[in-house]
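Working notes, beginning with the structure itself.
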Amino acid sequence: MTPWGKLHKLIALFYPKVDGAGRPPIGLARMLRMYVTQQCFGLSDEGIEDAIYNSQSIRAFVGIDLGHESAPDATTLLKFHHLLEANGLTRQIFDTINGHLAEKGLMMREGTIVDATLIAAPPSTK
């Protein structure tokens, strides 16, 4: 439902590229998914970092496998926010998403995180 391709094109012009030595930036797709999730659920930078560690569904949506990598930290997300704000992209991101949803007769409001864990347990003897 989200027009990821349009959003990537919008931000890619401003997103850091890998040039020579040094630590490469975290992928744009991952950072964008973290940002959108954070905004939809009203989470702080630390809150989305914690949500990634605590919620399998958010990890899957963002595309993080904790067996191979850690979640981007709150400081990394803050730098991404600054990049978006400095280039006037925050409004454009949500205008793009809302326009896409409106074409389908939908509207976005704030979300709620619902997550459950099922465990095997013996039946009660009472």
Side-chain angles (χ1 to χ4, degrees):
M1 291 246 98
T2 307
W4 296 115
K6 288 181 184 178
L7 296 175
H8 289 190
K9 287 179 186 175
L10 178 70
I11 300 167
L13 298 171
F14 306 98
Y15 200 69
K17 312 291 185 279
V18 176
D19 284 337
R23 187 172 151 195
I26 293 172
L28 173 57
R30 178 165 294 160
M31 293 305 298
L32 182 57
R33 284 177 177 259
M34 275 183 72
Y35 176 74
V36 169
T37 302
Q38 177 190 32
Q39 298 304 311
C40 289
F41 292 118
L43 299 170
S44 65
D45 293 341
E46 292 81 7
I48 187 62
E49 182 183 357
D50 289 343
I52 288 169
Y53 284 108
N54 295 324
S55 171
Q56 174 62 39
S57 58
I58 291 177
R59 267 194 312 277
F61 178 75
V62 174
I64 293 177
D65 179 354
L66 293 177
H68 299 292
E69 61 195 324
S70 59
D73 62 15
T75 303
T76 302
L77 189 57
L78 178 63
K79 290 178 183 177
F80 186 68
H81 287 171
H82 288 167
L83 174 106
L84 297 177
E85 290 165 2
N87 294 289
L89 298 172
T90 54
R91 169 63 58 195
Q92 292 180 47
I93 288 170
F94 286 98
D95 285 349
T96 301
I97 292 170
N98 287 331
H100 180 75
L101 292 173
E103 289 172 6
K104 299 181 179 312
L106 301 170
M107 179 186 329
M108 180 171 59
R109 301 255 187 213
E110 189 171 294
T112 302
I113 296 175
V114 178
D115 201 5
T117 303
L118 302 175
I119 59 171
S124 173
T125 57
K126 293 183 181 181

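In terms of the side-chain hydrogen bond (donor to acceptor under 3.5 Å, both in side chains) criterion, residue partners of Thr76 (sequence neighbours excluded) are, by chain and number, Asp73. Considering only residues two or more places apart in sequence or on other chains, His82 meets the side-chain hydrogen bond (donor to acceptor under 3.5 Å, both in side chains) condition with none of them. Considering only residues two or more places apart in sequence or on other chains, Arg30 meets the salt bridge (Lys or Arg N to Asp or Glu O under 4.0 Å) condition with Glu69. Residues passing the side-chain hydrogen bond (donor to acceptor under 3.5 Å, both in side chains) test with Asp65 are His68, sequence neighbours excluded. With sequence neighbours excluded, the residues satisfying side-chain contact (heavy atoms from CB on, under 4.5 Å) with Phe61 are Trp4, Arg33, Thr37. The side-chain contact (heavy atoms from CB on, under 4.5 Å) search around Lys6 returns Pro3, Thr96, not counting sequence neighbours. Glu85 pairs by the salt bridge (Lys or Arg N to Asp or Glu O under 4.0 Å) definition with nothing, not counting sequence neighbours. When the side-chain hydrogen bond (donor to acceptor under 3.5 Å, both in side chains) test is applied to Gln38, the partners found at least two apart in sequence or on another chain are Asp45, His81.
Here the side chains of Phe41 and Ile48 are not in contact, with every heavy-atom distance at 4.5 Å or above. Residues Met31 and Leu77 are in side-chain contact: their nearest non-hydrogen atoms beyond the backbone lie under 4.5 Å apart.
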Run the side-chain donor-acceptor check on residues 8-18: report pairs under 3.5 Å with partners two or more places apart or on a different chain.
| unit_1 | atom_1 | unit_2 | atom_2 | d |
| --- | --- | --- | --- | --- |
| Tyr15 | OH | Ile26 | O | 2.4 |
| Lys17 | NZ | Ala12 | O | 2.6 |
| Lys17 | NZ | Tyr15 | O | 2.9 |

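Residue Leu43 comes nearest to Ala51 through the heavy atom pair CD1-CB, 4.1 Å, listed as atom of the first residue, atom of the second, then distance. Nearest approach of Glu49 to Ala74, heavy atoms of both residues: OE1-N, 3.1 Å.
The aromatic rings of Phe94 and Tyr35 sit tilted, their planes meeting at an angle between 30° and 60°.
To the nearest 0.5 Å, atoms CG (Leu89) and CG (Leu83) are separated by 7.0 Å. Atom-to-atom distance recorded for Asn98:CG and Leu106:CG is 10.5 Å, nearest 0.5 angstrom. Taking CG of Leu7 as the reference point, atom CG of Leu32 lies at 5.5 Å (rounded to 0.5 Å).
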